[in-house]
Structures are given as structure tokens and as C-alpha cells.
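Sequence lines set the chain letters: A, B, ... in the order given, protein chains first and strands last, and positions in each chain run from 1.
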Amino acid sequence: MNAVYDPHKVEQEAQRYWDESESFRASESAEGEKYYCLAMFPYPSGRLHMGHVRCYTLGDVINRYHRLKGFNVMQPMGWDAFGLPAENAAIKNGIPPAVWTKDNIAYMRGQMQRLGFGFDWSREFATCDPDYYRWEQWLFLKLFAKGMVYRKNAVVNWDPVDQTVLANEQVVDGRGWRSGAPVERREMAQWFLKITAYAEELLDELEDMDGWPESVKNMQRNWIGRSPGVEVDFLVEGHSERLTVFTTRPDTLMGATYVAVAAEHPLALAAAQQDPNLADFVAQCKQATTAEADMATLEKAGMPTGLNARHPLTGNLLPIWVANFVLMEYGSGAVMSVPGHDQRDWEFARKYGIEIRQVIEPTQGNDCDLSAAAYTERGRLVNSGEFDGLRFDDGFDAIAKALEAKEMGRRVTNYRLRDWGVSRQRYWGCPIPIIHCEDCGVVPVPDADLPVELPTDVKFEGVRSPLVTMDSFLRVPCPECGALARRETDTFDTFMESSWYYTRFASPDAQSPMVDQRANYWAPVDHYVGGVEHAILHLLYARFYYKLMRDEGLLSSNEPFKRLLMLGMVLQDGKKMSKSAGDAGDPQKLLDKYGADTVRTAMMFAAPPDQSFEWNEAGLEGALRFLKRLWMLVQSHLEALSADSIDKARLSESAQRLRRKTAETLTKADDDYGRRWQFNTVVSAVMELTNAISKFAPRSANDQAVVGEALRAAVLVISPIAPHIADALWGQMGETGSLVDQAWPEIDESALIQNVVELVVQVNGKVRGKIEVAADAEKSVVLAQARVAENVSRFLQDKTVRKEILVPNKLVNIVVS
RNA sequence: GCCCGGGUGGUGAAAUUGGUAGACACAAGGGACUUAAAAUCCCUCGGAGGCAACUCCGUGCCGGUUCGAGUCCGGCCCCGGGCACCA
């Protein structure tokens, strides 16, 4: 008898057993259907926070549940090790990023082990390992050869004082976080991956992804933003180049009264050379960040260029304006403006006194007052010459045709999605395997020279990447002509590493190529768990990358993640926990005080997975109390557990009730674990079961056997959440074999049968009483009983019954007047 | 600004397909045990009235559909996430 629950002893013993018997080592040849269970790997920021604890506990619950259900489960863990915080730490403390990262990994790995997560550590890697990132370079060069990679100018946040590129996060109120200098938009040559070439597939496949939440699929749909429309060409007076704009509303073309271009647009730059005021305005537009949210909330401003564009159908001249809300990155960096039928154009036109022309009228009684607002609904064309009277679809077609006939436009499908800029002007990332030669231009690093290793013995002087001044890295002979050339110093966006790590886990030691056939055994990931903050970028890039690998012949399926569990955030002072917000929410002292099982149980009990919540420690005492109660309950029934099997024919009524509770708990837990992915209610179901066991007073050997059945169920059901205590209790209950190798029990359906059910009786929708009826009673019998039930009959006096509704096993509603 | 979520007792939440609102816990209050404390156990616990039986009100706000709405529809308010260089 172990009178006192000692979590530290129990947890150490269980972890030692799992470790020694390699309980969580996954093999392709093991029995059972494969189940790849993955929680998003962490950035090694230093210490785990409660957001990590939640994510990995949820992953581990799914892992352990599926093991009980007989699957061959693989749950790996690794490190998303490149990124900005390591550089910031290096700048601040002088610790090289490689050292800082390695230390953090060691510490966080220890914390994960302390939490008892059933990971297959034999597959662990960090993305900063050259063995890992060399394959990223390899694939990049394959894509380069295929034309899936290209180079073009793109704007970045430039800190003019620190002479460096800033991440959006490093821009605070339009100023550099270290220098405090106003940030400028600056163009730079950058590498891009053609994700837009896969836009259609990325969009269409969402239809069939039943295992993903509707909200995430919607976010991705909106992000990709497919819009069918028309490209319209405008001839520019005095220029040979045409100005091309995209519109989803060609039906409003006759209402265009001006054209607007981005401040970075060549026409704007050309015009600015003639006009100092315009040059000032263009310069002013550069005093802004690259963040779309900032652009969207900016006060709309513009200035005429003095140039005019010829309307392709009317031949009228339209003034060309520079506007601060037109983005060079999106489309052609120019838009046609129809103030009558676009709210933003309307506001701009009102501000600058540009003509507002109505060319659409409502088809049914809607208000249309262009002096108050733009009319943006679809309607009937007016003031549009030969197109008058047409509705949206016909107007769209007719104007598209007219443009096509004049070779001044064409139908196109545009996407909001932009190509993926993968260059970063940073040190702590995967080097881009390119060499710049004065004679040969851009030259890929030969396969034999991969990986291009990132030098790790670096000193940060100031805030710029050490690579740009490091001759040993920089100076390299051109692979084509042998002349002295310059190595690319940009590194990859860290989303590159996280876009394929889950395939590498399947064959972490593959020597060539990046994954081997084991990837097609484990992939796709069956259950992917992670924070909702990754709903768009990471998940979209990963889907894209998976298709790139498929088209390279490395993978045979189309989508990387079958089922997706999007976690709500663990908030701290109402905001998401992050590295930059500090290390609050460190679980270490909680682990020391309460043990892993209590922390895990409290976390699971706190809220359903998809809900965000503010973490507080109040729940820990309750979780510990529950585990202690469960422990004591088993201790007090140890003899009962060796009792004979249950004689179903001779059960007392209370024993029958307890058996039903046991069966109900197993049914509910199975549903919550397997279908609903809601684990807080599993905890409460087990709490209810243990409460029922406590209240039950066994009077016979048969009763004892019923208690034994209930206790075994309680321990097994809670085991994915609190695995250590469950393991210990399982052993104490005289069961052979470790709990992690057990099978989920068959449910005794006969225990669930109820002869008598309680129904609620409502009168006009208000609860007035309750009745007990035989489960198989006729409707007429139930209704008759309901009408005469205590407290019900008085609400029926002097009333006429209009309707009687019976919901089987639930309620009766009598409608009277 | 745009896209996606969320809002239920003092607190975390439950209510799975439109069918008993508040399960299960935390906190609080009262009691038992104890020399005392801790631990444990028992009771009360949305608001108002009655101080019982019971009744009325109540799921962010306003309106609608329905025999019946926390759940569905329309409009609003507030909070969180994402917006392409935080990961």
C-alpha cells in the first residue's frame, strides 16, 4: 500500500521505464495502421512557456490515445532553430547564435522530458544542422533549374541609422526599435518562390480537406483571394509604355475618372524628376512601413503626376495620380479609379475634387446617392453608351470583349496571393546557395559543394549580419569561370525550414536525397497540432513546399496534414505569449511543486483546445486534489481489484448504476478523444466517475468487481492526460504489462441500457415538472402521464391544448392557449 | 482598414444535431475532525421574491425565426489572432 501520492517518485519511475523500454520509438514495421502525430516544433527561445505546455500536452494526449486504439504511432520532436531572437541575443550579450541556440535546446529538451511527453527522440534534429539545411539548398537549386525561383526587387523596412533591414516586429510606431529613426521603404533585389503557380491547386484542394477546421480553410481561401477580372491597358500621353491595371469590375469601366499608381511606380518616379513637389510627395510615401495593416489604415493621400492616360474605350484623357494606398507589390502597381462605385476611390475623389460619375444604377429599390457614398452593389449599366441597360454579367462580358477586340485588355484571373519572398538580410539562417559573378551573373553553387555552411564562429559588431564583412565566407571562385566572385549573403526565410521538417522526421538520417521512402510510409501527417497564429503563413507555405517535393518525385501524396487541430492561444495579460514579451509563464516552478501530471491535467481541464484563455495557476490545486483522490481511491480498493468477474444477472440497482456510469464514461471519452478533440470534458467525465465510485458502498464480492471495473476504466481513460500516475496505479491494480501498451476496452453495451428514463415536462416552453417513464413507452402513454404530472396540471387548467411535442428520452412540451 | 475567432455565475468552464442553462472544478462562506494548524471530509453557492413548495428574471446589446434559441438569421458593441521580415 502506497498511502501517499508522491508525483516526483511516480513520474521518475514511469519515465525511466518508457526510456529503457523505448516505448515511444516508432518503426515502419510495427503492427497497426500508421498514425503520424505531430505538434508544431518550437523555436528554441530559452524556456518553455505555458503555450508550449498546452500544445505538446495536447499532442501527447492524441499520441497516447491512438496508441491505446491500436495505431502504430510516431510522435517526433525537433527544433525550428534559425531565427531573429538568436541574433538579438548575440547583439545584446555577445553570445554567438549557435551557442545560444544549442543551450536553449538542451534546456527545453530537459523540460519536455520532465513533462513526460512520449516523443521518439531518436528522430530529433535542429534546422540549423548542416545535415538538415543542405537539403533545403539542394531543393532550392532544383527549383532554380526549373524556373520556379526568380529574383526581383521588393520593398523592405530600412533603418537609415543602423543601416539595416528591419522585420515588421522591429518597427515600433514607424521607427526602428533600436535607433528610433523613422523607417524608410527601400527596394532591394530578393529571391522569390513562385507560389502563385500553385495558387489554383492550393485553393481547390481545400474543398476536400475534411480534417481541417472550416475557419482555417476560409482564412486560406481569402488569403489566396482568387478573383476573376480583366486587365485594362491605358496608353500614356508622351510615353511608349502602356499602363496596365487589373479590375474585378470592368462593368464600371466607363465610370473611371482617374488612374492611380504606387509611389514606387516607374511613371511616378519619371514624373517626380520634373516636379519637385511630386518628388517630395513620393519621398514622403517612403516614410512608411511595409506592413499591410499600416498601409490600410493610412490617411489616403495623393498627388497628380501631370501625366494623362487615354481611356481605352472612350478615348478620354484621365489624369494619372500617385496614391499612397496603391501597393507596388500587388498586381501592376496601378489601379483604375471609379469613384462612383468604389468607396475608397469615392473618398479620394471627394478629397481632391475629382469627378464622380454614375455608371451603375440599382436594379431594385436600393438607395443610390453618390453625394453620400459610392454605390458598390452590382446593378444595371447607365451612362455607358452602347453598354447601357446590361446587368453585371453581360456588362462584364461585353466590355471585356470590346477591350479584347481593340487589343487593349484581356480576361485574367488574379490572386491576392503574392509570390513568396524568401531572402532575408540576416545572419542566423540557411545560406542561399548562389554565387554572384561579375561576368557570369547569378551562378548556382554546384551540388558537390553543398552544403554552403553557415560559419558559426562569428562576432557581432553592430547590428548588421557578420556575413557581409566576412571575407572567408564572401570570397569564392565562380564555379563557371573561376574568377573571384561574391557569395550571396542573404539567408532564407525561416518559414523555409518549417515547411518540410515533418517529412524529414520520417527519415531523419536519409543521406540522399532529402527524404527517402520512409517518408511515404509516415506522410501525410495524420494529426497536426498547433497554434491558430499559424493558420495562414506556415500552413500555406508547408502545403506549397509539399507539392514542390511531390513534383520533384520525393512524395506521393498531395497534402501534408490530414487532420488539423488549431489551438487557441494561452494569453498573458490578454495577449499572446511571445519571446519578445518575456519569459512569463515558465512551467519550471510548477513542475517542481506539483509534478508533470498535475500540470498536464490542469492545462487540459482549463479549456477546450481551440479556445484561447488567460493562464492562471488557480486550477493546479484542483488538479492535484483530483489525482490524490484517484490515488487514494485505488489504494482503498486494492483487495477489491482481485475480485471475481462480474455476475451481470445479480447486480444491485446501485451497482447497475455504477456500471452504467463506467460504460458512459468510456463512451464519452472515446468520442471526446477521437472525434471531438475536446479533452477538458474527458477530465470532468473521469471526475464524475471517481465521485460515483466514492459514493458507492460495496456490499458483496460482485459489488467489489463492479468497483474494480470502474477504477480500471478511470485510470485508463485519464492515462493520455496524466500518464505517470495512471501507469503506477495500473501496476498496483495487478495488471500485467505497461499501460502504454494496453488496448482501449470494449464497451459493454448492455450496461448502457436504461429501463426508466426521466423526461422534462414543459408548458409553453417553460419547465414545469419531471416524469419518469419506461424507455419504450408509447407516445400517448407518455403524454397522458405528462399532463397529470405534479405542478404541470395546474398550468393546463382552463386552457386549451394546441399542440404536444415529444422529444424521445428528453422532454415533452405542451402548448396551450 | 480587411479576413478569422470569441463574449455564459465571483473565476475556468459544460450544455455534441434547436430541447432541463451553469455539469465538472476553482474561489468564497459555514460545519466536522484536530491541543492547534495543514491535509481530508460534509453542506451552501446566478439574481430577485417567498425564505418552504414554487414564481419571475438571466448566456455582450437590439431585433427576428420557432412549440422551444447560449445554439439559427439580421444589425451593433467589446476582446483576441492574422495581414506576407516574430515564429
Please tell me if A/Ser684 has a side-chain N or O lying less than 4.0 Å from either OP1 or OP2 of B/A23. no

Check this one for me: any side-chain N or O of A/Arg418 less than 4.0 Å away from OP1 or OP2 of B/C83? no

Just do the ring pair (Phe, Tyr, Trp, His ring centres under 6.0 Å) check on A/Phe626 and A/Phe605 with the steps written out, would you? CA-CA 11 Å; A/Phe626 161 64; A/Phe605 188 52; 8.1 Å; no

Check whether any side-chain N or O of A/Tyr56 sits under 3.5 Å from a backbone N or O of A/Met40 as a donor-acceptor pair, and report yes or no. yes

No-H, no-angle donor-acceptor pair, A/Arg675 side chain to B/U16 base, under 3.5 Å: yes

Going by modelled atom types, is there a donor-acceptor pair between the base of B/C86 and the side chain of A/Glu533 at under 3.5 Å? no

For a quick check of understanding: with a heavy-atom distance under 4.0 Å over all strands, which category does A/Gln170 fall into, base, sugar-phosphate or nothing? nothing

Watson-Crick or G-U counterpart of [N], or none if no pair lies under 3.5 Å:
N     : value
B/C45 : none
B/A27 : none
B/G58 : none
B/A13 : none
B/G80 : B/C4
B/C33 : none

List, with names and distances, any nitrogen or oxygen atoms from the protein found under 3.5 Å away from nitrogen or oxygen atoms belonging to nucleotides 4-12 of chain B.
| residue | atom | partner | partner atom | Å |
| --- | --- | --- | --- | --- |
| B/G12 | O2' | A/Ala606 | O | 2.5 |

Quick test of your reading of the model: are A/Arg350 and A/Glu347 salt-bridged, counting only N-O distances below 4.0 Å? no

Ionic contact status for A/Arg151 with A/Glu488, cut-off 4.0 Å: yes

Are A/Tyr501 and A/Trp79 an aromatic pair, judged by ring center distance below 6.0 Å? no

For the residue pair A/Phe492 and A/Tyr133, is the inter-centroid distance of their aromatic rings smaller than 6.0 Å? no

Can you measure from OH (A/Tyr545) to NE2 (A/His538) and round to the nearest 0.5 angstrom? 13.0 Å

Closest of B/G19, B/A39, B/C85 to the A/Lys628 side chain is B/A39

Using ring pair (Phe, Tyr, Trp, His ring centres under 6.0 Å) as the criterion, point out the one residue from A/Trp420, A/Trp191, A/Phe192 that pairs with A/Tyr150. A/Phe192

Short side-chain donor-acceptor distance under 3.5 Å, A/Arg600 and A/Thr57: no

Dump every N/O contact between nucleotides 56-58 of chain B and the protein below 3.5 Å, one line per pair.
| residue | atom | partner | partner atom | Å |
| --- | --- | --- | --- | --- |
| B/C56 | OP1 | A/Arg768 | NH2 | 3.1 |
| B/C56 | OP2 | A/Arg768 | NH1 | 3.2 |
| B/C57 | OP2 | A/Lys766 | NZ | 3.0 |

